[in-house]
Amino acid sequence: MARTSENSGVSSMHLATENPRCELRTWQPSDRYSLCAQANNPRIWRWLAEDFPKPYTLAAADAWIAHAQDSESALQLAVVFGGAAIGNIGVRATGDAPRGHIGYWIGEAFWGLGLATAAGRAFVEHLRAEARFDCLETLVYAGNTASERVLDKLGFIAEGPCPQVLYKDGRRLEARRFSRSLRVPAAR
Ligand SMILES: CC(C)(COP(=O)(O)OP(=O)(O)OC[C@H]1O[C@@H](n2cnc3c(N)ncnc32)[C@H](O)[C@@H]1OP(=O)(O)O)[C@@H](O)C(=O)NCCC(=O)NCCS
């Protein structure tokens, strides 16, 4: 269930997750140091889209937070654990109207704690209740077993090879497309 709060005139959304120490909330300017510290990591960068900054500077963090607060066609939320923003989960509209494209990452120090799964379940349920998209999709580069496992737990199904040609750092990458209908509740 989403709740909103007001901070310096800026409205903030909060989504609880199944982990009492983890919530999703609107990015705030004060998250810049934590965002920069967690995101400036090649082991995160390598699995994300070409435009994910490397190095991830404070200027990049400020730009992301401003974008996340402003965007109308996307919803990008901080994954907060123990009070600190340690990751991101978001959705943006695709050209294919009722389909949303989701993306996520968690700071490496927090991998394996079930946070991407907890964040994903809360986020998918929120998008289902909001009824803006009929279906979610995402692309996973070959070899990203942890992400495929998370998607499996969230009820996503592999659709097959990604139809677009994807490049990372000038190299062509293989990827698979996963999708999930929002007409059915989150898998447990
Ligand atoms: C993918 C990512 C978000 C997972 O975050 P996380 O919080 O560690 O995920 P969870 O703890 O919720 O679940 C990870 C699952 O993958 C499994 N896993 C992790 N590494 C694995 C590996 N090498 N092989 C098989 N399974 C693996 C874990 O065991 C766990 O499954 P389980 O609950 O059945 O044991 C995180 O590794 C990350 O941010 N990676 C870099 C960015 C990225 O890949 N984003 C997604 C792009 S598609």
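Atoms within each ligand, like the ligands themselves, are counted from 1 in listed order.
For atom 46 (C) of ligand 1, a protein heavy-atom neighbour is found at a distance under 4.0 Å.
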Quiz prompt | side chain to side chain contact (heavy atoms under 4.5 Å, CB included) assessment of D134 paired with R183 | solution = CA-CA 7 Å; D134 283 355; R183 299 202 180 111; 3.2 Å; yes
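With respect to atom 48 (S) of ligand 1, the closest heavy atom belonging to the protein is S147 OG, 3.2 Å. Of the protein's heavy atoms, R149 CG, 3.5 Å lies nearest to atom 15 (C) of ligand 1. Of all protein heavy atoms, the one closest to atom 22 (C) of ligand 1 is T145 CB, 3.9 Å. In this structure, the protein non-hydrogen atom closest to atom 36 (C) of ligand 1 is W111 NE1, 3.4 Å. For atom 19 (C) of ligand 1, the nearest non-hydrogen atom of the protein is A146 CB, 3.4 Å. Nearest protein heavy-atom neighbour of atom 44 (O) of ligand 1: N144 ND2, 2.7 Å. Counting protein heavy atoms only, atom 32 (P) of ligand 1 is closest to K153 NZ, 3.6 Å. Protein heavy atom at the shortest distance from atom 9 (O) of ligand 1 is A116 CB, 3.5 Å.
Residue contact check: T117 has heavy atoms under 4.0 Å from atoms 10 (P), 12 (O), 13 (O) of ligand 1. Taking every heavy atom of L139 and a limit of under 4.0 angstrom, the matching atoms of ligand 1 come to 48 (S). Of all atoms in ligand 1, numbered sequentially from 1 with element shown, those under 4.0 Å from a heavy atom of G112 are 6 (P), 8 (O), 11 (O). Those atoms of ligand 1 that come under 4.0 Å of a heavy atom in W105, given as number and element, are 39 (O), 42 (C).
W45 carries K168 over the face of its six-membered ring, with the cationic atom under 6.0 Å from the centre and within 45° of the normal.
Screening D31, V79, T4 for a side-chain contact (heavy atoms from CB on, under 4.5 Å) with R25, the sole residue that qualifies is D31.
No donor-acceptor distance shorter than 3.5 angstrom exists from the side chain of D169 to the backbone of R171, with no hydrogens or angles considered. Of the possible donor and acceptor atoms, one in the side chain of T94 sits under 3.5 Å from a partner among the backbone N and O of R99. Side-chain atoms of T17 do not come within 3.5 Å of backbone N or O of A118 as any donor-acceptor pair. Looking at R176, its side chain never comes within 3.5 Å of a backbone N or O of A158 through a donor-acceptor pair. Side-chain atoms of T138 come within 3.5 Å of backbone atoms of I102 as a donor-acceptor pair (strictly under, hydrogens ignored).
The two residues A85 and W27 make their nearest non-hydrogen contact at CB-CZ3, 3.6 Å.
Polar contact with ligand 1: absent for V150 (N/O pair, distance under 3.5 Å). Some N or O of I106 is nearer than 3.5 Å to an N or O of ligand 1, by distance alone.
Residue contact check for ligand 1: R46 places no non-hydrogen atom closer than 4.0 Å to it.
In this structure, the side chains of L75 and H126 come closer than 4.5 Å at one or more pairs of heavy atoms.
Under 4.0 Å from ligand 1, the heavy atoms of L113 that appear belong solely to its backbone. At a 4.0 Å heavy-atom cut-off, ligand 1 does not touch Y141 at all.
A perpendicular orientation is assigned to the rings of F52 and W105, their planes being inclined by more than 60° (bins at 30° and 60°).
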